[in-house]
Amino acid sequence: QVQLIESGGGLVQAGGSLRLSCAASGGPFNAYVMGWFRQAPGKEREFVAAITWNGGGTKYADSVKGRFTISRDNAKNTLYLQMNSLKPEDSAVYYCAAGPPLAWGTLKYDYWGQGTQVTVSS
C-alpha cells in the first residue's frame with residue numbers, strides 16, 4: 001500500500017514560481033518510478049514529468065521542459081516539482097503518482113495522490 005499526499009498548490013501570477021511536494025508512505029518509495037500528471041477543465045489528464053527510482057533520470061512533457069524540474073528525496077520519501085515561469089495554461093489539478101519501473105515507459109502508475117490545485121492568473 002502506498003499513499004501519496006500532494007501539497008504546495010495555490011494561486012500564482014503568470015511568470016511566477018511554485019513548488020509542489022508529494023509525501024509518500026506505506027511502501028518502498030525508493031523502488032518506485034515517480035511522476036507528475038495534471039488535468040485541466042475540458043482536457044484529458046496529461047503527463048508532466050517523471051523520475052527514476054534513484055533520481056538518475058528525468059523526463060518532461062514538451063510543454064513544461066525548461067520550466068519545470070522534478071526531483072526526489074528518497075530519505076524523506078518525498079517527490080518535488082519546481083515550477084518556474086508559470087503560464088495560465090499550466091493551471092490544472094496536479095497529481096503525483098508512483099509506479100513500477102515499467103511505468104517509465106508505459107505511464108501506467110499504480111498509486112495516485114488526491115491532487116492539488118494550481119491556478120496561474122494572467
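With a 4.5 Å cut-off on side-chain heavy atoms, I51 and L79 count as touching. Using a 4.5 Å cut-off on side-chain heavy atoms (C-beta onward), K65 and K59 make no contact. Between L81 and F68, the closest side-chain pair of non-hydrogen atoms falls below 4.5 Å. Residues S17 and M83 form no side-chain contact, since every pair of their non-hydrogen atoms from C-beta on lies 4.5 Å or further apart. Side-chain contact between D110 and P100 is present, with heavy atoms from C-beta onward closer than 4.5 Å. Annotation: side chain of Y80 is not in contact with side chain of T69 (no heavy-atom distance under 4.5 Å).
Once rounded to the nearest 0.5 Å, the distance linking CD1 of I5 with SG of C22 reads 8.5 Å. Rounding to the nearest 0.5 Å places OH of Y94 at 10.0 Å from CH2 of W36. Interatomic distance, R38 CZ to L20 CG, rounded to the nearest 0.5 Å: 11.0 Å. Summarising the geometry, atom OH belonging to Y111 is positioned 9.5 Å from atom CG belonging to L4; distances are rounded to the nearest 0.5 Å. To the nearest 0.5 Å, atoms OG1 (T119) and CG (L86) are separated by 11.0 Å.
Closest of all the heavy-atom pairs between A40 and A92 is N-CB, 3.8 Å.
Between N30 and the choices N54, N77, N74, the side-chain contact (heavy atoms from CB on, under 4.5 Å) rule is met once, by N74.
In the hydrophobic clustering, L107 connects to V33, F37, F47, V93, Y95, W104, Y109, W112, either directly or through intervening members, whenever side-chain heavy atoms lie under 4.5 Å apart.
Cation-pi geometry between R72 and F29 is met: under 6.0 angstrom from the ring centre, within 45 degrees of the axis.
Within 6.0 Å of the CD atom in Q3, the count of heavy atoms belonging to other residues, nucleotides or ligands does not exceed 12.
A donor-acceptor pair is defined here as one N or O able to donate and one able to accept, closer than 3.5 Å; no such pair exists between the side chain of Q13 and the backbone of S122. Within the 3.5 Å criterion, the main-chain N or O of V120 finds a donor-acceptor partner in the side chain of S91.
The closest side-chain donor-acceptor pair between D73 and T78, if any, does not fall under 3.5 angstrom.
Cluster membership check: Y60 shares its hydrophobic cluster with M34, using side-chain heavy-atom separations under 4.5 Å among Ile, Leu, Val, Met, Phe, Trp and Tyr.
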